[in-house]
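Written below as structure tokens is the structure these notes are about.
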Amino acid sequence: MTTREQDRAARLAARKPIPKPVPAYQPTAGSPLSVDKNLYSAIQQAPRVLIDDFTIPIRSGRAWTAPAGSIIRISTPEGPQVGDLNIWNLHNPREHFWASRTKQLHASHVSTYDRLWSNLPFMRPMLTIIADTLSWYGQDEHGGRVHDLLGTRCDPYINNVLSGGEFDFHCHSNLTRAVMEYGLNEGDVHDVINLFQVTGLDEKGRYFMSPCPASKGDFMEFLAEQDVLMALSTCPGGDLSLWGFGSDNEKEMIKCCRPLKVEVFRLEDEQLLQRSGWKPAEKANYRGRHGLVVAERSTSDK
């Protein structure tokens, strides 16, 4: 054993036991991380009116708008299928979904009553999950969980690096095409939430994906906490049961691809939210000085 190896072994042997850690961000009563479950359940169960609906074909993408206070349902009408979701503030696309912070504030995989947060300097909820028919999944025998924030969208660049291929219908490309209608471009596409996707980290900390557990008619529902633009890609890997890189896998994976359905609703009682005290999410109040001090100039300096 080399000296360096001996040193490593000694340091490992001397390492003191570490107490079981607690979550870094724990919701407290009244915290923005802790929603009023009774209120959000009442909203989810209240009568509603359909204002928009469409089905996204396989290996495609589409963008749409949803006003604050509306309910968005994304479902699997024909069976298991992964969807990659992006979200922007409708009036300012510089504000968009922040997957990493959402993961820190809630969990690596999200479900009912978790919120999807926006980036700096806005730092506010964009959507709150109000229903999830896959909430039963929990953690499987390999540590996998559903509705993934660990990973991100598939893209043609890493596909080219790993396989030399030129496939144009990865989620990144599908989202890019979808948002062009709204004046956005590839640079506006950001890290996603992978809906209906099971992922985890193995014993060596490596990312893995398992087949989608959704059945025909499974869905997630969200309450829009602000006016939003959303875009969804039907992943070219389908339900991920045949996932792989390269042209041969691209042809094989189409066998497990299915559409996704989107529905947008308004509440039938349009005053329900106002009476309940709900209001659109507000931006963080930080003044944005970042420790920079501007000295006042005296009259003699003028």
Side-chain angles (χ1 to χ4, degrees), residues 23-44 63-74 84-132 147-150 152 175 179 182-184 187-195 220-232 264-267 270 272-291:
Y25 298 89
Q26 295 197 72
T28 56
S31 164
L33 301 182
S34 180
V35 304
D36 183 337
K37 294 182 180 180
N38 291 332
L39 171 59
Y40 279 78
S41 292
I43 292 170
Q44 196 274 330
W64 71 95
T65 63
S70 64
I71 294 173
I72 305 98
R73 172 184 284 197
I74 299 176
D84 288 43
L85 181 67
N86 264 190
I87 314 157
W88 299 261
N89 176 277
L90 178 60
H91 311 291
N92 179 9
R94 290 188 65 185
E95 180 177 7
H96 59 75
F97 173 54
W98 190 6
S100 293
R101 180 64 81 199
T102 298
K103 179 171 55 183
Q104 285 184 313
L105 295 178
H106 295 292
S108 61
H109 301 77
V110 290
S111 189
T112 312
Y113 305 124
D114 290 330
R115 296 179 137 169
L116 307 184
W117 292 76
S118 66
N119 60 322
L120 304 180
F122 311 97
M123 200 63 257
R124 57 176 168 170
M126 307 194 81
L127 305 175
T128 298
I129 303 171
I130 58 174
D132 174 15
H147 307 311
D148 165 55
L149 290 173
L150 288 173
T152 189
L175 293 169
V179 299
Y182 291 89
L184 305 186
D188 295 299
V189 175
H190 49 274
D191 278 352
V192 302
I193 174 173
N194 290 306
L195 301 179
M220 292 191 81
E221 288 188 341
F222 308 87
L223 178 72
E225 300 285 357
Q226 53 179 280
D227 296 338
V228 291
L229 170 66
M230 304 174 68
L232 181 67
V264 183
F265 304 88
R266 64 170 175 83
L267 294 178
E270 297 188 31
L272 173 62
L273 292 175
Q274 183 177 353
R275 290 199 309 271
S276 70
W278 180 91
K279 58 182 181 179
E282 298 178 350
K283 300 175 185 177
N285 287 324
Y286 175 60
R287 290 177 295 177
R289 293 184 176 179
H290 303 295

Would Leu223 and Gln44 satisfy side-chain contact (heavy atoms from CB on, under 4.5 Å), going step by step from the backbone distance to the final call? CA-CA 8 Å; Leu223 178 72; Gln44 196 274 330; over 6 Å; no

Between [Y] and [X], is there a side-chain heavy-atom distance shorter than 4.5 Å?
X      : Y      : value
Val228 : Leu90  : no
Leu149 : Ser108 : no
Thr112 : Tyr40  : no
Leu184 : Leu229 : yes
Tyr113 : Asp132 : no

Going by the salt bridge (charged side-chain N to carboxylate O under 4.0 Å, His left out) test, which pairs reach into residues 104-118, not counting sequence neighbours?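 Every salt bridge (charged side-chain N to carboxylate O under 4.0 Å, His left out) pair that includes a residue of residues 104-118, provided the two are not neighbours, is Arg115-Glu225.
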
Look up atom [atom1] in [X] and atom [atom2] in [Y], then write down how far apart they are to the nearest 0.5 Å.
X      : Y      : atom1 : atom2 : value
Asp191 : Asp84  : CG    : CG    : 10.5 Å
Ile130 : Glu221 : CD1   : CD    : 5.0 Å
Trp64  : Leu232 : CH2   : CG    : 5.0 Å
His109 : Lys103 : NE2   : NZ    : 9.5 Å
Thr65  : Trp88  : OG1   : CH2   : 12.5 Å
Asn89  : Phe122 : CG    : CZ    : 7.5 Å

What residues, two or more places apart in sequence or in another chain, satisfy side chain to side chain contact (heavy atoms under 4.5 Å, CB included) together with Leu267?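 Residues passing side chain to side chain contact (heavy atoms under 4.5 Å, CB included) with Leu267: Ile43, Ala46, Ile71, Leu272, Leu273.
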
Quick one: side chain to side chain donor-acceptor pair (under 3.5 Å) pairs with a partner in residues 23-38, sequence neighbours left out?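 Counting only pairs at least two positions apart or across chains, the side chain to side chain donor-acceptor pair (under 3.5 Å) contacts touching residues 23-38 are Tyr25-Arg101.
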
Could you check Ile72, Leu195, Leu175, Val192 and say which one makes a side chain to side chain contact (heavy atoms under 4.5 Å, CB included) with Leu85?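 In the set Ile72, Leu195, Leu175, Val192, the residue that makes a side chain to side chain contact (heavy atoms under 4.5 Å, CB included) with Leu85 is Leu195.
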
Is a side-chain donor or acceptor of [X] paired with a backbone partner of [Y] at a separation under 3.5 angstrom?
X      : Y      : value
Asn119 : Arg94  : yes
Trp278 : Leu39  : no
Ser118 : Met126 : no

Walk me through it: do Met230 and Leu127 pass the test side-chain contact (heavy atoms from CB on, under 4.5 Å)? CA-CA 11 Å; Met230 304 174 68; Leu127 305 175; 3.7 Å; yes

Could you tell me which non-hydrogen atom of Ala224 sits nearest to which non-hydrogen atom of Pro67, and how far apart they are?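 Answer, listing the atom of Ala224 first, then Pro67: CB-O, 3.4 Å.
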
Classify the ring geometry between His96 and His190 as parallel (under 30°), tilted (30 to 60°) or perpendicular (over 60°).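 The arrangement is parallel - the two ring planes meet at less than 30°.
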
Tell me whether the count of non-hydrogen atoms from other residues, nucleotides or ligands lying under 6.0 Å of CZ in Arg275 goes above 12.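 Atom CZ in Arg275 is packed in, count exceeds 12.
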
